[in-house]
Amino acid sequence: MSENKGVDKAIKSSTRLFISGTVVLTVFNIINKLLGLVFKIEILNIIGEEGNGYFNQAHNVYTTLYMLSTAGLPTAVAMMISEARAKGSFSDMKRIYRVALLIFSVVGVVGTAVMIIFSGELAGTKSASYAIEFIAPTLFFMCIVSILRGYFQGFQVMTPTAVSEFIESLSKLVIGIFCAAWAIANGEPVYMAAAYAILGITVGAGLEMIFLFICKLFFREKKYCGEYMELPGTQNPTPASTLAKRLILLAIPITLAASLMPLSELLNMKILSARLTEMYASSYSDASELESVVNTIYGNWSMCVTFFDLPPVLIYPIAYSLVPMIKSTLTRGDRERADTFMNISIRVAAILAIPCAFGMAAMAKPILRTIYSESTAESGAPLLAIISPAIFFVCMLSVSNALLQAGGHERLPMVSIAVGVVIKLLIINFLTPVIGIYAAAVSTLVCYFVISALNTFFMIKYVGVKLSFTKMFLRPIIAGAVCAAAAYGSYSLFDMFLSNAVSTFLGIGVAVIVYVIAIFLIRAVSEEELLMIPKYGVTAVKILKRVRLLPRSAEAKERED
């Protein structure tokens with residue numbers, strides 16, 4: 001009897017932490033994206049296109065090394081911590097943290113040394129090497145940050161991660177802009193201004209690491225796993241060597257899966273540029289003019305990708321919170337509860353992703369016109385409309401990766417992503433001479449569709465996820481189509497009297513309201529699922545019933561009868 005009470009208590013606590021953690025991460029992710037956008041715009045204004053080129057060279061080198069070093073580390077640490085937590089093994093939690101800290105401190109030191117010593121070779125030019133040297137310590141800081149993020153993630157405590165990312169983004173914005181402006185004002189060459197600008201990232205990462213260490217210092221593990229300690233668990237500590245081996249074996253496939261797409265993008269860029277150059281070579285005899293035309297075309301594509309990357313920000317927190325939740329539930333042997341959360345997570349991701357995909361496709365040109373010129377929006381809108389449906393597949397990819405990792409099949413996403421990347425490269429290589437830059441959009445759509453489809457197959461076969469197409473996808477698709485029609489229709493109406501920017505925002509606002517109403521009218525969300533929301537679930541149910549968007553319960557009907 002006491003064991004059942006402990007299990008129920010653990011389930012309620014885990015559910016509350018999952019939902020609240022997802023909400024916190026989502027809010028801060030949106031804020032951080034906005035801060036990052038402001039940073040990019042202001043840095044470009046301060047250091048110009050040449051300085052921005054040096055900045056991006058250094059940042060791309062750092063990002064590649066960071067992905068190769070630590071991309072799978074937070075997830076691997078979180079999986080091991082959540083498993084030990086579910087078993088009630090407090091000694092293993094401490095040992096996992098210490099082992100990870102030791103191993104990846106060494107990785108961070110070596111990586112930083114490599115970036116500093118070989119900065120010239122990594123940059124390709126002496127001018128860009130200064131920025132690489134300035135950002136090099138960030139690799140060490142982020143190795144430590146990744147361990148601490150994974151540690152808190154394993155306890156399903158997302159607030160330290162969310163706040164630390166905000167500190168990093170704000171520091172990057174304030175310190176980066178201040179240092180870049182100071183460098184320009186003092187007559188420093190533009191490549192040094194770029195190095196000073198990138199210093200904001202380094203300082204931000206250092207402050208983030210300090211903040212997380214302080215959070216760890218005051219963190220009380222027993223507060224978040226006391227209910228698990230009441231359950232029969234494995235109290236004998238696991239040898240450090242065994243933990244180190246498992247940590248590395250978990251981190252490597254997750255890192256490779258996460259690194260495949262960024263690495264493939266570098267290859268995609270080279271192939272695409274080469275094919276576009278061949279395509280337009282006969283029309284432009286002057287090499288500099290040809291290069292300018294190709295860069296402009298590629299710039300339009302990059303502009304569309306920036307907007308394409310925004311909606312998945314709403315889904316990443318779900319995947320981030322899902323891994324420890326599912327891992328701990330499966331470790332305790334509660335398959336029914338795990339199935340429930342798997343299905344809910346997929347449905348929530350679909351409910352959020354589908355209107356974004358439909359809406360961005362319908363509103364591609366109005367959205368681009370709010371920021372760019374009419375000609376730029378005219379050329380970019382078809383590209384954005386083509387890749388917008390892939391937003392749904394990217395979001396499904398994020399959630400399915402999390403479910404496969406939590407289910408102990410972290411190697412399978414590597415297979416899916418590898419197949420998708422190969423198909424994307426083939427499409428770009430062979431279709432670019434035929435349809436030009438549209439090959440990039442088509443290849444992106446097909447790539448993410450293939451990856452998502454393969455991951456879905458793996459989820460069903462190996463994890464045992466049960467999908468109901470009608471409930472999970474068809475209903476949100478119907479609501480999403482209505483949402484897109486409402487967006488474009490209301491925009492067209494407003495555009496007769498108001499500016500494009502105002503009409504676009506009003507159209508999106510109308511679409512959101514219509515979609516929310518449609519979702520509840522077609523019963524895509526149940527009362528039981530709303531009641532799982534901490535603090536506000538009961539209030540939401542009452543309001544929705546009052547406006548008749550949620551059916552009355554059977555008990556309420558009986559009382560009225």
Residue pair Arg149 / Met142, side-chain heavy-atom distance below 4.5 Å: yes

Shortest non-hydrogen contact between Ile451 and Gly420, atoms and distance: CG1-CA, 3.8 Å

Nearest-0.5 Å distance that lies between atom CD in Glu410 and atom CG in Leu256: 11.5 Å

Shortest non-hydrogen contact between Ser119 and Ile132, atoms and distance: O-CD1, 3.7 Å

Side chain to side chain, Ile346 and Val465, heavy atoms closer than 4.5 Å: yes

Side chain to side chain contact (heavy atoms under 4.5 Å, CB included) assessment of Val463 paired with Phe458: CA-CA 7 Å; Val463 185; Phe458 291 146; over 6 Å; no

Approximate separation, where rounding is to 0.5 Å, of Ile210 CD1 and Ser164 OG: 12.5 Å

Side chain to side chain contact (heavy atoms under 4.5 Å, CB included) assessment of Leu243 paired with Leu247: CA-CA 6 Å; Leu243 293 175; Leu247 178 66; over 6 Å; no

Lys/Arg-Asp/Glu bridge criterion (N-O < 4.0 Å) met for Lys172, Glu208: no

Considering all heavy atoms, the nearest Ala183-Ala193 contact: CB-CA, 3.8 Å

Minimum heavy-atom distance between Leu212 and Pro160, given as atom pair plus value: CD2-O, 3.6 Å

Validation row: Ile147, Cys143 side chains within 4.5 angstrom (heavy atoms): no

Pair listing, salt bridge (charged side-chain N to carboxylate O under 4.0 Å, His left out) test, anchored in residues 174-189, at least two apart: none

Nearest heavy-atom neighbours spanning Ala197 and Ile43: CB-CD1, 3.7 Å

Side chain Ser82, main chain Met79, donor-acceptor under 3.5 Å: yes

4.5 Å side-chain heavy-atom contact, Leu249 and Lys245: yes

Stacked cation flag Lys33 on Phe28, 6.0 angstrom / 45 deg: no

Met414 CE to Leu404 CG distance, which is reported to the nearest 0.5 Å: 12.0 Å

Sub-6.0 Å ring centroid separation between Phe392 and Tyr448: no

Gap separating the OG atom of Ser169 from the CG atom of Leu35, nearest 0.5 angstrom: 5.5 Å

Within 6.0 angstrom of Phe307 CZ, more than 12 heavy atoms from elsewhere: yes

Side-chain touch Met360/Ile391, heavy atoms, less than 4.5 angstrom: yes

Reference residue Tyr151; test side-chain contact (heavy atoms from CB on, under 4.5 Å); the match among Ile81, Leu101, Val157: Ile81

Interatomic distance, Arg95 atom CZ to Thr242 atom OG1 [nearest 0.5 angstrom]: 9.5 Å

Salt bridge present between Glu83 and Arg246 (N-O < 4.0 angstrom): yes

Heavy-atom side-chain contact between Leu34 and Val38 under 4.5 Å: no

Under the side chain to side chain donor-acceptor pair (under 3.5 Å) test, residues paired with Asp339 that sit two or more places apart: Arg335

Donor-acceptor under 3.5 Å (Thr444 side chain, Ile387 main chain): no

Sidechain-backbone polar pair: Ser345 side chain, Met342 backbone, donor-acceptor under 3.5 Å: yes

Any donor-acceptor pair under 3.5 Å from Ser146 side chain to Pro74 backbone: no

Side-chain donor/acceptor of Ser400 to backbone N/O of Leu397, under 3.5 Å: yes

Nearest-0.5 Å distance that lies between atom CD1 in Ile167 and atom CG in Asn32: 10.5 Å

Minimum side-chain heavy-atom gap Gln153-Thr161 below 4.5 Å: no

Partners passing side chain to side chain donor-acceptor pair (under 3.5 Å) against Asn401 (at least two apart in sequence or in another chain): Asn455

Residue pair Phe152, Cys215: steps toward the side chain to side chain contact (heavy atoms under 4.5 Å, CB included) verdict: CA-CA 9 Å; Phe152 289 118; Cys215 290; 3.7 Å; yes

Tyr196/Phe178 aromatic ring centres below 6.0 Å: no

Distance-minimising heavy-atom pair for Val145 and Ala205: CG2-O, 4.2 Å

Stepwise side chain to side chain contact (heavy atoms under 4.5 Å, CB included) test for Ile144 and Ser105: CA-CA 7 Å; Ile144 308 302; Ser105 291; 3.2 Å; yes

4.5 Å side-chain heavy-atom contact, Ile351 and Val348: no

